[in-house]
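Positions are given from 1 along the sequence. It should be emphasised that the depicted structure is a prediction, and the values quoted were computed from it without experimental measurement. Note: hydrogens, waters and symmetry copies are ignored here, and every other heavy atom, side chains too, is used.
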Amino acid sequence: MKTIIIGINSKYIHSPLAAWYLKASCDEQCGEVKVMEFTINDNAEYVLSRIYAEGCDVAAFSCYIWNIGFVLKLAENLKMVLPDVKIILGGPEVSFDPHDILRSNRFVDYVMAGEGEGAFGLLLRSFTDEGINPDAIEGLSYRKNGEIHASTSFRLVKELDTVPSPYTPEMLEAIGNRIIYFESSRGCPFSCSYCISSTFEGVRYFSMDRVKSDLLTLIDARVKLVKFVDRTFNCNRQRAKEIFSFIIENAKETSFHFEAAADLFDDEMFDILSRAPKGLIQFEIGIQSTNEAALEAIRRKTDLKKVFENIKKLKELGNVHIHVDLIAGLPFEDYNSFLNSFNETYKLYPHQLQLGFLKLLKGSGIRREYQKYGYKFRQYPPYEVLSNAYLSFGDIIKLKKIEELLERYYNSGRFQRTLKYLIEGFFPSPAAFFEEFSKYYEAAGCYDRSISSRELYTILLDFASSLDMEVNLVLLNEILKFDFLVSDNTNNLPKGLERLYIDNFGERCFEFLKNRENVEKFLPEFSDTPAKKIYNKVHFEAFRFNVADETLAQDEDTTVILFDYSQKDSITGHYRFYKIQLP
């Protein structure tokens, strides 16, 4: 018997941890088991033909909001071309309504609710061992002789160390340089009603020996990024500190991403994190809202004052990447209230600020209470909010447009100084800037077409020029020019940006590089490199203002900045730069 576990990822860079967990949990009695990976962007006929060519008796799929539509179409067609294949579905998108899934999709044979390790292997063995009763498999619903046998149970693995490690040589070879997901625990101590973790209580942990062993496997394999999927990684402070310390002590080329609660950091944790190499650790921190009534309605317990204080402390460390989340569409938060949440969070200046929209997920508390708050939401994945008693669909459209600009301009990291100059100098708040910019963007038809990263600079310059404000366009040109050159190594300025030309500039730059003292001071890694080769790795640019240190003062002499395109900052993604004096 041959089983194929099919992981359908949302992007190529992702990997299907659940599929590899299931394979690792199968023994020889399960027959041949293979993992195949695709993405939702792959051609459906191509995926079908690949699976068909492989041949299988059983096809198992992990189902999530991002892939359920693709999975159902694929599974239906697979059943047509392989009528005897057994179709098994599992994952959060089918775990909370298995009867409805079986009733609506006659090509599906089995649905597993909850965590499949152990139960999946038992189901596979039942296909060749008539002594195994499917009704005895916790969380299993199935179809037999046209009748649906639905289970109301939801399987949770009590002792996590009994689950074999998925990080096998086969998995590591298959994943390559993509993101690898990791969990040191399952469950969450909190009960936020928008999260499916609120459907069951408590946190279960893998032992520290198991966690450290698996982490060493990934570190030794030179995995580029390990993303912890623990719902609140630092809910157990002592475990979090021990894992942080272990990672810092053993780190090589791997970076680590954690979802953390900012109000649970303490002084000892900050001390440990301060010793981490720059870029080793990334944090994703959910603020969601600064509206206390909204937070109470979704049963989110958080100390907002401490959250803000600790995010500032993390930012001051200077060695960790900080990603902050907001959710639009929560109860009691209207348009103006959300903009207030946006303004307060924006002023923390995280490296990334995600403006997300509430999803009423299957199994979540907020979905059960949708009538209480007047929710209207999409009846298909990802079940995103359309409106509620506080936020109209029109409001959501406006926020969607702001979100797009936030992604293109703030989260790209390419406009750091320009946004700061415009927002702090000419607008009462960050939200006011993005609202006004959104109106201009729409009027110019920019939402309706593809925009290159280079054109973004031209559009922002044109927007600032259109403002009925005393914007210093010469200064703005210099700031935009700096923002471009510090994040793009092409040296070819976008349309609309002007260069400052000075006599013999190229020759003077070359003379600067011929001076060994200059090279050793600013570019020590090039100390033994001929000036001609260094010149191809760096860029010199003249500015009318001192934009390097954000004073924006207009110097009597021209400011010259040296950009080192051989190295990027691991936090900001910007190239190194120095203010210099040319001979």
Side-chain angles (χ1 to χ4, degrees), residues 278-279 318-319 321 349 351 408-422 452-458 460-461 474-555 557-583:
K278 191 172 186 179
N319 62 339
H321 185 277
Y349 295 106
H351 300 107
R408 293 183 178 186
Y409 284 90
Y410 185 88
N411 288 338
S412 70
R414 292 171 171 266
F415 300 88
Q416 182 176 307
R417 282 172 167 75
T418 308
L419 290 177
K420 192 175 180 65
Y421 169 69
L422 288 174
S452 70
S453 60
R454 292 176 58 80
E455 191 181 356
L456 291 175
Y457 293 85
T458 305
L460 186 55
L461 180 63
V474 176
L475 173 56
L476 180 64
N477 180 88
E478 300 301 280
I479 302 172
L480 263 175
K481 184 169 66 174
F482 177 88
D483 272 343
F484 177 79
L485 292 171
V486 82
S487 57
D488 189 293
N489 63 1
T490 63
N491 303 334
N492 183 20
L493 295 181
K495 181 181 177 181
L497 295 186
E498 297 180 357
R499 265 203 164 102
L500 176 61
Y501 291 96
I502 57 179
D503 292 339
N504 302 316
F505 187 67
E507 292 83 351
R508 292 169 65 189
C509 293
F510 202 79
E511 288 299 318
F512 178 92
L513 295 177
K514 286 183 177 180
N515 186 313
R516 291 297 95 186
E517 291 183 4
N518 290 336
V519 174
E520 289 176 4
K521 180 179 179 180
F522 297 105
L523 306 164
E525 66 277 13
F526 292 112
S527 57
D528 297 323
T529 307
K532 188 174 182 179
K533 288 188 176 181
I534 300 175
Y535 197 76
N536 294 327
K537 298 288 186 179
V538 301
H539 176 71
F540 296 85
E541 189 75 26
F543 292 84
R544 295 180 177 86
F545 292 81
N546 185 10
V547 294
D549 60 7
E550 300 187 44
T551 63
L552 304 182
Q554 186 162 11
D555 294 348
D557 298 323
T558 299
T559 296
V560 177
I561 297 177
L562 166 64
F563 296 92
D564 178 6
Y565 287 153
S566 69
Q567 292 190 45
K568 277 188 175 184
D569 186 287
S570 58
I571 301 294
T572 64
H574 293 167
Y575 293 104
R576 293 192 306 180
F577 62 90
Y578 309 95
K579 181 182 176 183
I580 63 166
Q581 292 291 332
L582 289 180

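- With sequence neighbours excluded, the residues forming a side chain to side chain contact (heavy atoms under 4.5 Å, CB included) with Thr490 are Arg454, Phe484, Asp488, Asn492, listed by chain and number.
- Scored by the side chain to side chain contact (heavy atoms under 4.5 Å, CB included) test, Lys532 finds Phe510 as partners (sequence neighbours excluded).
- Side chains of Val547 and Thr559 form no contact here, defined as non-hydrogen atoms less than 4.5 Å apart.
- Within 6.0 Å of CG in Asp528 there are 12 or fewer heavy atoms belonging to other residues, nucleotides or ligands.
- Taking the six-membered ring where the residue is Trp, Phe577 and Phe482 present perpendicular rings, their angle passing 60° and hence far from 30°.
- The 12-atom threshold is exceeded at CD of Glu525, counting heavy atoms of other residues, nucleotides or ligands nearer than 6.0 Å.
- Within the structure, the salt bridge (charged side-chain N to carboxylate O under 4.0 Å, His left out) test picks out the following pairs touching residues 477-486 (sequence neighbours left out): Glu478-Lys481, Glu478-Arg544, Lys481-Glu541.
- Between the side chain of Asp569 and the backbone N or O of His574, no donor-acceptor pair lies under 3.5 Å.
- Side chain of His351 to backbone of Gly413: no donor-acceptor contact under 3.5 angstrom is found.
- By the 4.5 Å heavy-atom criterion applied to side chains, Ser487 and Phe415 are not counted as neighbours.
- A search for salt bridge (charged side-chain N to carboxylate O under 4.0 Å, His left out) contacts involving Glu520 returns nothing, not counting sequence neighbours.
- Applying the salt bridge (charged side-chain N to carboxylate O under 4.0 Å, His left out) test to pairs two or more places apart or on separate chains, those with a residue in residues 500-511 are Glu511-Lys514.
- The aromatic rings of Phe540 and Phe512 sit perpendicular, their planes meeting at an angle over 60°, well past the 30° parallel limit.
- Applying the salt bridge (charged side-chain N to carboxylate O under 4.0 Å, His left out) criterion to Glu455, with sequence neighbours excluded, gives Arg449.
- Taking 4.5 Å as the limit, some side-chain heavy atom of Tyr565 sits within range of a side-chain heavy atom of Asn491.
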